Amino acid sequence: MSAVLVFLAVVIGFSFWWLYHQKVMEKPWLERGVHTALPETDVSGMPTAKIALAVFLAVVGSLFALFASAYFMRMNYADWQAPPMPRLLWLNTGVLVMASVALSCAVRAARDGQRALVRLGLAAAGLASLVFLAGQLFAWHSLAAAGHYLDVNPANGFFYLLTGVHGLHILGGLVALARSMGRAWTREVPAERLRLGVELCAAYWHFLLFVWLGILVLLAGWAGDLIALCRQILA
Amino acid sequence: MVDATPRSHRDVPPAEVPEVELYHPRSWWTTYVFSQDAKVIAIQYAGTAIAIGLVALVLSWLMRLQLGFPGTFDFITPEAYYQFITMHGMIMVIYLLTAIFLGGFGNYLIPLMVGARDMVFPYVNMLSYWVYLLAVVVLAASFFAPGGPTGAGWTLYPPQAILSGTPGGNDWGIILMLVSLILFIIGFTMGGLNYVITVIQGRTRGMTLMRMPLTVWGIFTATVMALFAFPALFVACVMMLFDRLLGTSFFMPALVEMGELLRYGGGSPILFQHLFWFFGHPEVYIVALPAFGIVSDLISTHARKNIFGYRMMVWAIVIIGALSFVVWAHHMYVSGMHPWFGFFFATTTLIIAVPTAIKVYNWVLTLWRGDIHLTLPMLFALAFIVTFVNGGLTGLFLGNVVVDVPLSDTMFVVAHFHMVMGVAPILVIFGAIYHWYPKITGRMLDERMGQFHFWVTFIGAYAIFFPMHYVGLVGVPRRYPEIGAEAFMTAPVGGLNAFISVAAFVVGFAQMVFLFNLLWSLRHGREAGSNPWRATTLEWQTPTTPPPHGNWGEERPLVYRWAYDYSVPGAPQDFIAQNDPWPDRPARRP
Ligand code: HEM
Ligand SMILES: [Cu+2]
């Protein structure tokens, strides 16, 4: 369970840091009067949706950290036999990077108020994500064609499971992306709202890209090497 | 007194343009069924939880029929008995307690107590309920599926959970259970995000974190924990579903069943246990922390005294929340783990008792020389303290490896966890319903029926679970439909088991009186007025009772003080509401 414990340690550390800055050391029974840390209200000035996304991503992160923990634990058993990595995965990774880059451009454009560019960025990101998903399906297909079915080995099982769960998250993101696109193509939507939506999409995609790189490290077996290296350094 | 008002902001600007129009749903359907009002969602959550909870109650009667009078009821076969315990345990823990504390009380109280008009994402909040309902329906469907519900025990340990020897293992039972849990987690995550973000972002002006009532702190922390603990159950369920449906061997070792080698091989049941308990232990505190918070408010209000050590109470809640992620393996002492590993977890388990004990001391010190009103909420709160201490003490025994190994899987464990996470939180739920029912409906619950309900439930629960400790010490194993006069038991327990069963039926009957009271008082209860308990927190200060959609009328309240100003010397009344500027005049609004 080490992976998820490390992840949770970070989450807990951050929560404590946040709480500390919320004046949990105060003695509320001694004070009186309206607290107004910020001019209007004492809650944070960050858009609520952004905070919500951050919390949600932390939860998704713990989900993948748990999968990683399970992966590490199951790996130690004798029957483990990692499947070959389909070459296609590298291409897919490139495509996913492109989606992220396109969304970064869209954010830039939204901040500058260039709607045409926003549309282009969103559309490119959507397209790239669809290509990524199709590529993942092809990777599954090629693995299966080579006889590496899901139930042959637990390593295969994890391969399909992790790529599948990640793909589902991309799919869910596409729904949000589609809504942002809807806004980008509607003239009446104020620039402010459009920008927020685009920023949220971009954050989500960057996060999923990060997760994907983590999964890649796991599946390619580098994680094992990395742990061995750490052990050597410690010893 | 520290004046916390910054000088330059003596005149506080309005928090918002009154957008009351938004809060007028158009039709009957969107008002009562597909409502986005957190208060309606809360009642839907609580109603569904209580309905499915009744099923679990009936199942406990059936189990007690079998244990008390073995051999009398032909229809309770061993298979059926396993199905009863499994569904009883899972429903009670997840679909009743978790759902009612977070979905029910969380939805009703968080927006009101922090001075918000609603949850921050009302639409997602509504979806959360409907996904939860779907989860409950899927779960209930397993009673009617071929082969019946799963009988794997609420812990669903593989490999037996998906083998043909376990009821539902080869049929629909286990699949429906796993799917239902996955749905529950998805639905909960939607709601949970709402509760957390509403506390972070939805508070009204003046409501700093350290001015929030402990109820909100308890529900908030429990929700954060649940958001990070449920994914572990999610992962376990998905992987087990793969093992069951797609033939992977994540958890399944090589097995011979009825002389036939199964397709599985090499998997690790222990891996499942780690995942399950990584969720399972925090789950204990997910239902305990809201109870802690609520009970603090009940005690303070009904003893007319400020809560003792508010700051320490908050810190204790947060620290318990964090620590409870590093104690999970105390449920696995008998799984063949390394002794050092067990030693580590025994230590963390005992450490977590420290903040918990602090909370108990603080409740008692709040009561000390308080003006204690023995109202129904107070009675239930007192009963909670006693029961929780009781269950907590046996928990200290079981937390130690050498004590747990012989007691593991005996009725002693069953008695322990029923005390600490069954009876204790349920008592708080009752107390909370007696306390907030007047706000929800505008009428008081009937006092005489309530007294009857309290005394029968309280004494009855002890009649059920106190002797059960002894039954366990004598050596009766858990999850056995029948024991007879086995040699491993040091004394016969047949008479005692019959007594426990009779007590269980009586307690169950008292709950029917309670349900009747809920319905009867809706029409015939005494008019409550807006603040019958003379409480300080914001939900009692709403302009109308019951509060309408949007809660606050034209303007949200301004908060001037913490939630516990009871019996302040010199004040005109023995309580000062949180939005009362006394002794100043209200801040002028431009
Ligand atoms: C009316 C009150 C209740 C009675 C009479 C009762 C009775 C029982 C009985 C007889 C068992 C099976 C013991 C065995 O053979 O191993 C059991 C198991 C269990 N109960 Fe209760 N119970 C009650 C309320 C609750 C509540 C409120 C909870 C909520 C936490 C709860 C949670 C559980 C759990 C988790 C199990 C273990 C199931 C398993 O072994 O898989 N019960 N209960
Ligand atoms: Cu535990």
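What you see is a predicted model, and the numbers here were worked out from it, not measured in a lab. Lettering follows sequence order; numbering is per chain, from 1.
- With a 4.5 angstrom heavy-atom cutoff, B/Phe230 does not touch chain A via any of its atoms.
- Residue B/Phe228 touches chain A through both its backbone and its side chain, counting heavy-atom pairs closer than 4.5 Å.
- You'll find the side chain of A/Leu8 reaches within 4.5 Å of the side chain of B/Phe278, heavy atoms only.
- Comparing B/Val314, B/Leu275, B/Ile197 by heavy-atom pairs within less than 4.5 Å of chain A, the highest count is held by B/Ile197.
- Between the side chain of A/Trp29 and the main chain of B/Tyr564, no donor-acceptor pair closer than 3.5 Å is present.
- Applying the salt bridge (charged side-chain N to carboxylate O under 4.0 Å, His left out) rule to A/Lys50 yields the partners A/Glu199; only residues at least two apart in sequence or on another chain are considered.
- Of the listed residues (B/Ala236, B/Gly192, B/Gly321, B/Ser249), the greatest number of heavy-atom pairs within a distance under 4.5 Å of chain A belongs to B/Ser249.
- Residues of residues 150-157 of chain A lying within less than 4.5 angstrom of chain B, judged on heavy atoms, are A/Leu150, A/Asp151, A/Pro154, A/Gly157 in numerical order.
- Of the atoms belonging to B/Trp582, it is backbone heavy atoms, and not side-chain ones, that fall under 4.5 Å from chain A.
- Residues forming a salt bridge (charged side-chain N to carboxylate O under 4.0 Å, His left out) with A/Asp79 (at least two apart in sequence, or on another chain): A/Arg74.
- Residues B/Phe121 and A/Ala49 come closest through the heavy atom pair CZ-CA, 4.2 Å.
- Using a 4.5 Å cut-off between heavy atoms, B/Leu193 touches chain A through its side chain atoms alone.
- Between A/Leu19 and B/Leu209, some side-chain heavy-atom pair lies under the 4.5 Å cut-off.
- Along residues 55-68 of chain A, the residues that come nearer than 4.5 angstrom to chain B, judged on non-hydrogen atoms, are A/Val55, A/Phe56, A/Ala58, A/Val59, A/Ser62, A/Leu63, A/Leu66, A/Phe67 in order of number.
- For chain A, the nearby parts of B/Leu227 are the backbone and the side chain; heavy atoms of each come within less than 4.5 Å.
- The main-chain N or O of A/Met25 is found under 3.5 Å from a side-chain atom of B/Arg311 such that the two form a donor-acceptor pair.
- Contacts of B/Val224 with chain A are absent, with no heavy-atom separation under 4.5 Å from either backbone or side chain.
- A heavy-atom distance below 4.5 Å is found between the side chains of B/Ile200 and A/Trp18.
- Looking at B/Phe250, the atoms closer than 4.5 Å to chain A (heavy atoms on both sides) sit in the backbone and in the side chain alike.
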### Query
side-chain contact (heavy atoms from CB on, under 4.5 Å) between A/Lys27 and B/Trp562: does it pass, once the steps are laid out?
CA-CA 10 Å; A/Lys27 302 195 171 87; B/Trp562 72 328; over 6 Å; no
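- Not one N or O on the side chain of A/Gln22 forms a donor-acceptor pair closer than 3.5 Å with the backbone of B/Met210.
- For the atom pair CD1 of B/Ile319 and CZ of A/Phe16, the computed distance is 6.0 Å after rounding to the nearest 0.5 Å.
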